[in-house]
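Beneath this line is the structure, given in structure tokens, with notes to follow.
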Amino acid sequence: MFNFSTAHIFAVAGVAALLATGAQAFDGGSPTGLLNRQVQPVSLPTDVQREVQPTRTIVDDPTGERAGTITIDTKNRYLYLSMEAGKAMRYGVGVGREGFAWSGRAHIGRRAEWPAWTPPAAMRLRRPDLPRVMEGGLANPLGARAMYLYNSHGDTMFRIHGTNEPDTIGRAVSSGCVRLLNDDVVDLYSRVKVGAPVVVL
């Protein structure tokens, strides 16, 4: 969708903070809105003056999982990507708020760059101001990348995705999705493929 470089994107996106929506980031992945031309570009205020540093760091892997596995420690607000030699890449995350937390096993069923967002019907009942489909971009709650979680029953409707609300990292704020800073989610996205196992604790 965007033709400029990742470095250019994060000169802006890495410091962008959405102030207005408070919307939980789900994307049902439905093309219906696109076919019906119901996509609405969104222009929302952002704070582009404040620097936001990536949270990722290599640590001793506390999970015991095999390399390539994503483990989400919801209590401590960390995502671990297990690596070789007993190491893991650790990222700070935002997780599901009270009543929306979950645990279990899943896998990455698909991935998307600058994904569109289709707010679920239940959310649109609570927030009728939301568009049927929000096109991908800096104002989109899914951020720069999204990884869609599936299990044996299909799409869980939960995502690992970026965010334009960096202040929510380290907090329990979503409706079950796991969010990372845009800079961090691009890094994670580059390291995992479809089929990667995901463990949510």
Side-chain angles (χ1 to χ4, degrees), residues 1-10 13-14 16 18 23-35 39 54-56 63 65-74 78-84 88-96 102 104-120 133-166 168-169 174-201:
M1 169 175 279
F2 293 88
N3 294 323
F4 37 89
S5 70
T6 300
H8 181 166
I9 289 167
F10 292 110
L18 179 69
Q24 160 256 326
F26 270 84
D27 176 11
S30 168
T32 305
L34 297 173
L35 295 175
V39 175
T55 69
R56 61 185 178 271
T63 71
E65 297 289 340
R66 64 182 174 85
T69 301
I70 292 172
T71 303
I72 298 153
D73 178 352
T74 56
Y78 288 125
L79 181 153
Y80 294 91
L81 174 62
S82 295
M83 299 162 51
E84 300 293 344
M89 186 68 77
R90 186 185 73 188
Y91 307 83
V93 296
V95 298
W102 63 284
R105 288 186 172 263
H107 66 274
I108 295 175
R110 73 180 184 94
R111 311 183 315 147
E113 298 185 12
W114 294 106
W117 176 49
T118 305
V133 179
M134 184 185 293
E135 64 185 10
L138 296 178
N140 191 302
L142 290 178
R145 303 290 186 271
M147 288 155 274
Y148 299 74
L149 303 185
Y150 286 64
N151 60 22
S152 59
H153 302 291
D155 189 351
T156 67
M157 298 303 293
F158 295 117
R159 319 294 184 221
I160 299 171
H161 61 81
T163 184
N164 49 21
E165 297 180 289
T168 63
I169 300 302
S174 79
S175 292
C177 288
V178 176
R179 59 179 66 177
L180 295 81
L181 294 176
N182 277 335
D183 195 286
D184 283 339
V185 80
V186 168
D187 181 80
L188 177 64
Y189 186 95
S190 73
R191 297 173 185 272
V192 298
K193 305 298 180 189
V194 169
V198 178
V199 180
V200 181
L201 302 175

Inter-residue atom distance Ile108.CD1 - Ile160.CD1, 0.5 Å rounding: 5.5 Å
Enter the distance from Thr63:OG1 to Arg90:CZ here, rounded to the nearest 0.5 Å. 13.0 Å
Report yes or no: does Ser82 contribute a side-chain atom to a donor-acceptor pair with the main-chain N or O of Ala88 at less than 3.5 Å? no
Measure across Thr69 and Pro197 and return the closest heavy-atom pair with its distance rounded to 0.1 Å. OG1-CG, 3.4 Å
Check whether any side-chain heavy atom of Ile70 lies under 4.5 Å from a side-chain heavy atom of Leu79, and answer yes or no. yes
Parallel, tilted or perpendicular: which one describes the rings of Trp102 and Phe158, with boundaries at 30° and 60°? parallel
Could you state the interatomic distance from CZ (Arg66) to CD (Glu84), rounded to the nearest 0.5 Å? 10.5 Å
Please say which of Val93, Thr163, Leu181, Val95 ends up in a side-chain contact (heavy atoms from CB on, under 4.5 Å) with Thr168. Thr163
Got a salt bridge between Arg110 and Asp155, using NZ or NE/NH1/NH2 to carboxylate O under 4.0 Å? no
Between CG of Leu142 and CE of Met147, what distance do you get to the nearest 0.5 Å? 11.0 Å
Locate the shortest heavy-atom distance separating Ala106 from Leu149; write the atom from each residue and the value. CB-CB, 4.2 Å
Which distance, rounded to the nearest 0.5 Å, do you find between the CD1 of Ile72 and the CG of Leu81? 11.0 Å
At what distance, to the nearest 0.5 angstrom, does OG of Ser174 lie from CD of Glu165? 10.5 Å
Heavy atoms only: give me the nearest Asp183-Pro54 pair and the separation to one decimal. OD1-CG, 3.5 Å
Could you check Ile169 against Arg179 for side-chain contact (heavy atoms from CB on, under 4.5 Å), going step by step and ending with a plain yes or no? CA-CA 7 Å; Ile169 300 302; Arg179 59 179 66 177; 4.2 Å; yes
Polar side-chain atom of Arg145 near backbone of Ser190 as donor-acceptor pair, under 3.5 Å: no
Asn182 side chain vs Gly143 backbone, donor-acceptor pair below 3.5 Å: no
Is there a side-chain contact between Pro141 and Met134 in this structure, where contact means two heavy atoms from C-beta onward sitting under 4.5 Å apart? yes
How about Tyr78: does its OH atom have over 12 heavy atoms from other parts shown lying under 6.0 Å from it? no
Any residue meeting side chain to side chain donor-acceptor pair (under 3.5 Å) with Thr55, in chain and number order, not counting sequence neighbours: Asp184
Polar side-chain atom of His107 near backbone of Tyr150 as donor-acceptor pair, under 3.5 Å: yes
Pairwise side-chain hydrogen bond (donor to acceptor under 3.5 Å, both in side chains) hits with a residue in residues 192-201, at least two apart: none
Does Met89 offer a backbone N or O that forms a donor-acceptor pair with the side chain of Arg56 under 3.5 Å? no
Measuring only between side-chain heavy atoms, which start at C-beta, is His161 closer than 4.5 Å to Pro115? no
State which residues pass side chain to side chain contact (heavy atoms under 4.5 Å, CB included) with Arg105; sequence neighbours excluded, sorted by chain then number. Glu65, Val199
